[in-house]
Peer 1: 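Below: one structure in structure tokens.
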Number of protein chains: 2
Amino acid sequence: MNPYNAIKNAIIIGEYEPGTRLTEEALAESLQVSRTPIRDAIKQLESDGLIIPYKRRGYIVKEFSIKDIRQIYNLRALLESHGASEAALNRTDEELERMREKNTAYEQAITKLERSDIETIKNIQQANQDFHEEIFKAAKNEHLRAHIAKLVVVPIIFRSFYWYNERQLLRSLEVHKTILKAIENQEPERAKIAMQEHIYQGRDDVLIQLNKPQIHLWKGEAIND
Amino acid sequence: MNPYNAIKNAIIIGEYEPGTRLTEEALAESLQVSRTPIRDAIKQLESDGLIIPYKRRGYIVKEFSIKDIRQIYNLRALLESHGASEAALNRTDEELERMREKNTAYEQAITKLERSDIETIKNIQQANQDFHEEIFKAAKNEHLRAHIAKLVVVPIIFRSFYWYNERQLLRSLEVHKTILKAIENQEPERAKIAMQEHIYQGRDDVLIQLNKPQIHLWKGEAIND
DNA sequence: CTCGAACTTATTGTATACAATAGGATATTT
DNA sequence: AAATATCCTATTGTATACAATAAGTTCGAG
């Protein structure tokens with residue numbers, strides 16, 4: 001794993017908690033490489049908005065406020081719904097078929113939920129992302145894709161799926177099917193609205209959890225700490 | 001000027017034309033620094049989407065197709081109209097006053113239109129950007145601002161204002177006033193629609209020019225940064 | 001005891017040498 | 001002449017030493 005992914009991963013799993021100070025030297029030591037590749041990684045992470053400069057002496061891991069979360073989800077809603085709309089207009093039959101496959105995989109991922117361990121949650125998260133990405137591919141808009149890519153990291157950090165109960169997962173599956181139907185029928189407005197609603201639901205579920213004062217995110221692989 | 005801005009500028013003014021191959025060594029030589037700071041700059045420019053990797057051997061300056069232009073303007077429309085809507089909701093009286101000032105400056109910039117004078121065009125471009133930025137400030141959404149910032153470079157490269165005639169400039173001033181009015185009255189939907197229309201007009205003006213086969217972009221001093 | 005000047009140190013910025021490697025050129029085989 | 005293996009070279013990847021500098025710390029003057 002290259003330094004960029006290694007550091008990003010450490011941030012996502014919570015090994016580097018928000019507010020942690022990162023210096024080139026410490027990162028180089030920890031990843032057993034020189035400062036040069038660390039610098040490259042840092043430049044990218046800064047552009048991703050995952051770390052921010054700290055008094056011209058290194059960086060700190062960005063802390064996301066409730067306001068940040070809301071704004072990021074709202075932007076996702078805006079951009080992804082636009083993507084769904086363009087996908088409905090531009091899709092080919094092959095792309096539609098691939099979306100169906102991804103959503104079937106998603107359905108399978110959420111139905112073996114009984115064993116709610118971390119692997120299962122990762123699978124659900126990945127299957128969901130795969131489905132969404134299939135939609136952007138059909139939209140054939142590389143600029144849109146790049147902007148959305150920058151927005152999805154934060155929801156991953158906050159592990160929306162970790163908090164989902166069975167009802168919420170089934171509901172999200174139903175919305176996926178609605179989106180799929182709209183894209184199949186080439187109804188851009190309907191696809192757009194369904195996607196918008198889908199993201200808003202995810203946003204609200206996360207915000208509800210964050211407003212419960214006693215929650216704490218798991219670190220690394222430990223689920224029942 | 002640091003390497004990042006120097007290279008970006010060279011791309012904007014057309015010194016490095018689309019398709020030009022850029023190597024670290026050549027850039028280092030040309031800017032009289034070592035490869036290290038060049039690498040930093042390149043990483044940022046790649047994330048900006050202004051250069052793209054070329055066969056794992058350096059980069060080439062991105063060529064924007066008509067499709068790219070359309071997609072980028074459409075994204076701007078989406079995001080900036082969202083910004084205008086949030087500005088209408090969240091603005092303070094002081095922010096409104098500042099928007100008015102920026103638009104007055106814009107009005108002055110376009111009325112002393114001795115035309116085909118590069119300085120005048122730069123002034124118009126800058127005054128317009130200042131007005132738009134004042135709106136995002138009032139929206140108080142840092143994530144939105146960051147995404148829009150990445151989208152405005154391409155329209156600058158294509159120098160929309162260079163092609164504007166007096167009628168088009170006056171029309172854009174009128175739309176600015178409509179946006180302002182909507183934000184003043186705290187009418188988010190109206191602000192949104194007006195901004196959307198404003199960007200679409202800019203898009204169509206540029207696309208019309210690009211469809212005329214004989215156009216050529218001037219090479220000259222950059223706008224600003 | 002407060003405030004600013006001077007010193008110290010942690011940390012990034014920059015240059016440069018060398019290593020790794022992909023892509024093109026050249027040679028070899030059929 | 002086409003396909004394939006081999007070598008060569010341009011170019012990036014990485015390590016490391018040193019320079020620059022900002023932040024914190026000490027010290028001295030009022």
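Heavy-atom basis, side chains included; hydrogens, waters and symmetry copies ignored. Labels below follow one simple rule: chain letters A, B, ... track the order of the sequence lines, proteins then strands, and each chain is numbered from 1.
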Peer 1: Which residue, R39(B) or R57(B), contacts DNA chain D at a nucleotide closer to its 5' end, judged by nearest heavy atom?
Peer 2: R57(B)

Peer 1: Please give, in whole Å, the distance from dT12(D) P to E25(B) CD?
Peer 2: 8 Å

Peer 1: Mapping R35(A) and L22(B) to their closest nucleotides on DNA chain D, which lands nearer the 5' end?
Peer 2: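 Nearest nucleotide further toward 5': that of L22(B).
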
Peer 1: Using OP1 and OP2 only, check whether a side-chain N or O of R21(A) sits under 4.0 Å from dT11(C).
Peer 2: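 So the side-chain polar atoms of R21(A) do come within 4.0 Å of the phosphate oxygens OP1 or OP2 of dT11(C), strictly under.
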
Peer 1: Output the rounded distance in Å from CD1 (I60(A)) to C1' (dT11(C)).
Peer 2: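 Interatomic distance, CD1 of I60(A) to C1' of dT11(C): 16 Å.
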
Peer 1: Rounded to the nearest 0.5 Å, what separates atom CG in D205(A) from atom CD in Q209(A)?
Peer 2: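 Here the rounded value is 8.0 Å.
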
Peer 1: What are the two closest non-hydrogen atoms of H143(A) and Q71(B), and how far apart are they?
Peer 2: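 Answer, listing the atom of H143(A) first, then Q71(B): CD2-OE1, 3.5 Å.
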
Peer 1: Expressed in angstrom and rounded to an integer, what is the separation of L31(A) atom CG from dA15(D) atom P?
Peer 2: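 Between P of dA15(D) and CG of L31(A): 11 Å.
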
Peer 1: Take atom CG of L27(B) and atom P of dA15(C), then tell me their distance rounded to the nearest Å.
Peer 2: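 Distance, rounded to whole Å: 14 Å.
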
Peer 1: Would you say K55(B) places a side-chain N or O within less than 4.0 Å of OP1 or OP2 belonging to dA10(D)?
Peer 2: no

Peer 1: Describe, in one word, how the ring planes of F131(A) and H176(A) are oriented to each other, choosing from parallel (under 30°), tilted (30 to 60°) and perpendicular (over 60°).
Peer 2: parallel

Peer 1: Looking at every non-hydrogen atom in both residues, tell me the closest pair between Y16(A) and S30(A) and how far apart they are.
Peer 2: OH-OG, 3.7 Å

Peer 1: What nucleic acid atoms does T23(A) come within less than 4.0 Å of, heavy atoms only: base, sugar-phosphate, or nothing?
Peer 2: sugar-phosphate

Peer 1: Round to the nearest Å and state the distance from E24(A) atom CD to dT16(D) atom P.
Peer 2: 15 Å

Peer 1: Distance check needed: dG13(D) P versus Y59(B) OH, whole Å only.
Peer 2: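 So the two atoms are 7 Å apart, to the nearest Å.
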
Peer 1: Rounded to whole Å, how long is the line connecting atom CG of D40(A) with atom P of dG13(C)?
Peer 2: 13 Å

Peer 1: Output the rounded distance in Å from CD1 (I38(A)) to P (dT16(D)).
Peer 2: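 After rounding, the gap between these two atoms is 13 Å.
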
Peer 1: Tell me the closest heavy-atom pair linking A77(B) and S81(B), and the distance in Å.
Peer 2: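 Heavy atoms of A77(B) and S81(B) come nearest at O-OG, 2.7 Å.
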
Peer 1: Is any side-chain N or O of S34(B) closer than 4.0 Å to OP1 or OP2 of dT14(C)?
Peer 2: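 No, S34(B) has no side-chain N/O under 4.0 Å of OP1/OP2 on dT14(C).
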
Peer 1: Would you tell me if any nitrogen or oxygen in the side chain of R56(B) comes within less than 4.0 Å of OP1 or OP2 on dT12(D)?
Peer 2: no

